[in-house]
Engineer: 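Sharing a structure below in structure tokens format, with a few things to ask.
As the structure is a computational prediction, the values presented were derived from the model and not from experiment. In what follows, chains are A, B, ... by sequence order, proteins preceding strands, each numbered from 1.
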Number of protein chains: 4
Amino acid sequence: MPTGETHNRRTGGRTRSQDAHHAVLTAAIELVEEIGYQAVTIERIAARADVAKSTIYRWWKSKAVLVMDAYRTAVEQRMPEPDTGSLAGDLTAFATALYGVSEHSLRMRTLRGLMAEAQLDPAFADHFREWVESRRAVVLALLDRGVRRGELPPTADLEAATDQFFGLFWYRLLVGHQPLDPSQAPAHVDQLLHGLGTGHGR
Amino acid sequence: MPTGETHNRRTGGRTRSQDAHHAVLTAAIELVEEIGYQAVTIERIAARADVAKSTIYRWWKSKAVLVMDAYRTAVEQRMPEPDTGSLAGDLTAFATALYGVSEHSLRMRTLRGLMAEAQLDPAFADHFREWVESRRAVVLALLDRGVRRGELPPTADLEAATDQFFGLFWYRLLVGHQPLDPSQAPAHVDQLLHGLGTGHGR
Amino acid sequence: MPTGETHNRRTGGRTRSQDAHHAVLTAAIELVEEIGYQAVTIERIAARADVAKSTIYRWWKSKAVLVMDAYRTAVEQRMPEPDTGSLAGDLTAFATALYGVSEHSLRMRTLRGLMAEAQLDPAFADHFREWVESRRAVVLALLDRGVRRGELPPTADLEAATDQFFGLFWYRLLVGHQPLDPSQAPAHVDQLLHGLGTGHGR
Amino acid sequence: MPTGETHNRRTGGRTRSQDAHHAVLTAAIELVEEIGYQAVTIERIAARADVAKSTIYRWWKSKAVLVMDAYRTAVEQRMPEPDTGSLAGDLTAFATALYGVSEHSLRMRTLRGLMAEAQLDPAFADHFREWVESRRAVVLALLDRGVRRGELPPTADLEAATDQFFGLFWYRLLVGHQPLDPSQAPAHVDQLLHGLGTGHGR
DNA sequence: AGGTAACCGAGACGGTACGTCTAGTCTTCTA
DNA sequence: TAGAAGACTAGACGTACCGTCTCGGTTACCT
């Protein structure tokens, strides 16, 4: 359960209310959807969830970790870990799913808010970075498999490639100067792989 | 004068105090340096600059606009518009300068804070986006010149390439999972250009 | 103006809102009357007065000094400084007025609440003590005049007599085991003066 | 057993833990001594006594009741019921003992705190009043014996005299404008008795 | 000897107020 | 009439206790 870290339970004590817990996550998601991340406050979440503020503070350290928890619990798409047989296929599948967030304003708002918070709250930055790393790891693994298959030269800088991959996504998401559409995924992947010296083209 | 749009001055009256104006910008920069963007508030800037809050509000719409103004006035490096004769040389020069911010904590803090604010304040987002576009335009022009020179095929997606270029930079800056060092610039540019199908070899 | 100590005014600045000020005092009094001292909170006063909490905190350090201010401004009877020609007459007049609070539940509630607060909040205790001293001074002056007139021996312990006088009043007010009625004033004064060795009786 | 009213015991069940009970009373006294009555909370007592909050609430209705219980159990001096042969002697003995609390900060703090609580909590006020009455009864009995012995006229208002006696004490204790010292007891008693028309001279 | 009732600890829960903070706006005086 | 000073409304912050409520576990009396 990736959610509001369960405390060390030694012995007795009232058990954590699943109702309250769930109501908080739901309220958080709804509010982000309705009024946007920055307008969401712990107080509003508490009011909406019909829960005491102190109950929220007991389990979540800040609005950011709460919203992130809610996002992962209730919204986040299971990121595929594709296995199409080819590196290009795998990456394209992943990118297509990734770019799909642009079609869900809730997801966009949440991601943008969380990234913003990570800049402003160093404590949350650590938490956020861990999550980002977990998603980078998926792409890194795909690329690594490509190397092992001989689709990429062993000298390719996979870290940089991963950051190019996610960087494009986040940059467009955060700046909003260009649309981001799943249909663009194949072209972007193609460009990326050429950069890495893949044998499949040119 | 790139600073707090000057009002229409019709008639007499006390003229805008250049002292106050300058003190505000200086105070803003100093505070970002000392306590970080998120801890800076209009009130603190006013106190530090020994200026009335209302004077700040008269000339700047928000902390973000003010800090960005101060940043551009006092800190921002003149981004080079290099002309080395080759696309790779031009981009490498640009990237090297860009990655240089990582050596100045003030610049990093400011950029991260402004990007965060752009996520939270839609009004500022527009302002911020304009600034981002102006920097994208420089890179786009370099790439375009590369196409005209025949260094890139005319079919290359320059928009996507630009976003890959800046995306990698911002992604590392914002997430902080990887260092960003000017010495990495040539390799990143190389990888990018291969992706675009440059003729300069692999 | 015995009320929310006026700050040092050097130069410009918005002047204190008399509306807000008055509304706060009125709300405080009404709430003490309606729900009792202990149930009154700064937050409720702010809500009732339709004033921001911070405005209250700007002018009053605690609920206790605010209520005391309101009490003195709006409720406190002008304590007579009687001059009937005789000590017994003076004291009886004073006591009669004093005991009159027992007929006004608002005054009783307020006095009891303030005395309680003085026990719990050392900062307020000083403030409260000053007020108490000012009322003791009136009685002390009456007694002193009695000494000068020859109604009391110069050896009489006027301090102790004053404390006996007020002590009886407060003790009954605070403990509530006995009613306290203005009609009892003459007898109590009589008993007190006998104790001091007055020549007028026995 | 003057302590946390024993419940109706119908049938079996675990008996009340004397350890827990004693630890609570001790913790309460210690905390009043160390941090003052107002800073004492049920939670702090529970933590100090290493006892569950609910255990405290099971046996005592409020902090005030608990502290008063602890005070009477562990601290309160057995008030003398003196019998010296003369009214003046009896009262002086009693007053001397009474004024002795001023030399023990714990007792002063406790009494002041309890009196404060009686003003704020009507339920506790009743409880407190009973205790006050029990102490008044002692003095009333002394005075009554004085009447029967002929030391006081039968017309003397003993109730008022008792309240003057305790009133002086409490007034000084609560307001703190004057020290209260056992050495003052004889003079105060003397003054009181003159007021009542005692025959023992002036 | 077993049942069972009341105890005890731990600690989560809904509440409520606290006093602080910052945002923006508004008012007044001064230069 | 710009600017400094600072009072104002508004509302979230995170903390502290309150008194209540499960829990799991422990006695000790009473069949």
Engineer: Name all residues meeting the salt bridge (Lys or Arg N to Asp or Glu O under 4.0 Å) criterion together with Asp126(B); count only those two or more places apart in sequence or in a different chain, and write none if there are none.
Structural biologist: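 Partners of Asp126(B) under the salt bridge (Lys or Arg N to Asp or Glu O under 4.0 Å) test: Arg129(B).
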Engineer: Looking only at side-chain N and O atoms, does Arg58(C) come under 4.0 Å of OP1 or OP2 in dC8(F)?
Structural biologist: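 So the side chain of Arg58(C) is within the cut-off, an N or O lying under 4.0 Å from OP1 or OP2 of dC8(F).
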Engineer: Could you check how far CG of Leu31(B) sits from P of dT22(E), rounded to whole Å?
Structural biologist: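 Distance, rounded to whole Å: 12 Å.
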Engineer: Tell me which residues in residues 37-47 of chain C put a heavy atom below 4.0 Å from DNA chain E, sorted by number, or none.
Structural biologist: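 Hits under 4.0 Å, by residue number: Thr41(C), Ile42(C), Glu43(C), Arg44(C).
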Engineer: Look at the side-chain N and O atoms of Trp59(A) and state whether any lies under 4.0 Å from the OP1 or OP2 oxygen of dA12(E).
Structural biologist: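 Negative; the distance criterion is not met.
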Engineer: Of all residues at least two apart in sequence or in a different chain, which pass the salt bridge (Lys or Arg N to Asp or Glu O under 4.0 Å) check with Lys61(B)?
Structural biologist: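 By the salt bridge (Lys or Arg N to Asp or Glu O under 4.0 Å) rule, Lys61(B) matches no residue at all.
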Engineer: Using whole Å, what does the distance between atom C1' of nucleotide dT15(F) and atom NZ of Lys61(A) come to?
Structural biologist: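 One finds 16 Å between C1' of dT15(F) and NZ of Lys61(A), rounded.
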Engineer: Under the rule for ring pair (Phe, Tyr, Trp, His ring centres under 6.0 Å), what residues qualify as partners of Phe128(B), not counting sequence neighbours?
Structural biologist: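 With sequence neighbours excluded, Phe128(B) shows a ring pair (Phe, Tyr, Trp, His ring centres under 6.0 Å) to Phe124(B), Trp131(B), given in chain and number order.
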Engineer: For Lys63(B) and Ala52(A), find the nucleotide of DNA chain E closest to each by heavy atoms; which residue's nucleotide sits nearer the 5' end?
Structural biologist: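 This one resolves to Ala52(A).
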Engineer: Taking CD1 from Ile35(D) and P from dC17(F), how many angstroms apart are they, rounded to a whole number?
Structural biologist: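 From Ile35(D) CD1 to dC17(F) P: 9 Å.
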Engineer: Rounded to the nearest Å, what distance is computed from the OH atom of residue Tyr57(A) to the P atom of nucleotide dG11(E)?
Structural biologist: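 In whole Å, dG11(E) P and Tyr57(A) OH are 23 Å from each other.
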Engineer: Kindly give the heavy-atom pair with the smallest separation between Ala28(A) and Leu66(A), and that separation in Å.
Structural biologist: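 So the two residues come closest at CB-CG, 4.4 Å.
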Engineer: Tell me whether the side-chain N or O atoms of Lys53(B) pair up with the base of dG24(E) as donor and acceptor below 3.5 Å, since no angle test is needed here.
Structural biologist: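 Under the 3.5 Å cut-off, the side chain and the base do form a donor-acceptor pair.
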Engineer: Please report, rounded to the nearest Å, how far the C1' atom of dG14(F) is from the CG atom of Asp121(A).
Structural biologist: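 From Asp121(A) CG to dG14(F) C1': 13 Å.
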Engineer: Out of dT28(E), dG9(E), dG15(E), which nucleotide sits closest to the side chain of Val51(D)?
Structural biologist: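 Selected nucleotide: dG9(E).
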Engineer: Could you give the CG-to-P distance, from Asp19(D) to dC7(E), as a whole number of Å?
Structural biologist: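 Going from CG in Asp19(D) over to P in dC7(E) covers 16 Å.
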Engineer: Nearest whole Å is fine: how far is dT22(F) P from Arg14(A) CZ?
Structural biologist: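 After rounding, the gap between these two atoms is 6 Å.
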Engineer: With sequence neighbours excluded, what pairs up with Glu30(D) under the salt bridge (Lys or Arg N to Asp or Glu O under 4.0 Å) test?
Structural biologist: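 Scan of Glu30(D) (salt bridge (Lys or Arg N to Asp or Glu O under 4.0 Å), adjacent residues dropped) gives Arg48(D).
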Engineer: Is it the case that dG24(E) (base atoms only) and Ser54(B) (side chain only) share a donor and an acceptor within less than 3.5 Å, ignoring hydrogens and angles?
Structural biologist: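 Side chain to base: no pair below 3.5 Å.
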Engineer: Nearest to the side chain of Thr55(C), which nucleotide is it out of dT9(F), dC21(F), dT27(E)?
Structural biologist: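 So the nucleotide nearest the side chain must be dT9(F).
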Engineer: Just by distance, with hydrogens left out, do Tyr37(B) and Gln119(A) show a side-chain donor and acceptor under 3.5 Å apart?
Structural biologist: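 No - no donor-acceptor pair under 3.5 Å links their side chains.
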Engineer: Taking the nucleotide of DNA chain F with the nearest heavy atom to each, does Ala20(B) or Ser17(C) sit closer to the 5' end?
Structural biologist: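 So the residue in question is Ala20(B).
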Engineer: Applying salt bridge (Lys or Arg N to Asp or Glu O under 4.0 Å), name anything that partners Lys53(B), two or more places apart in sequence or on another chain.
Structural biologist: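 Counting only residues at least two positions away or on another chain, Lys53(B) forms a salt bridge (Lys or Arg N to Asp or Glu O under 4.0 Å) with Glu43(B).
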Engineer: Whole Å only: how far is the CH2 atom of Trp60(A) from the P atom of dG14(F)?
Structural biologist: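 In whole Å, dG14(F) P lies 15 Å from Trp60(A) CH2.
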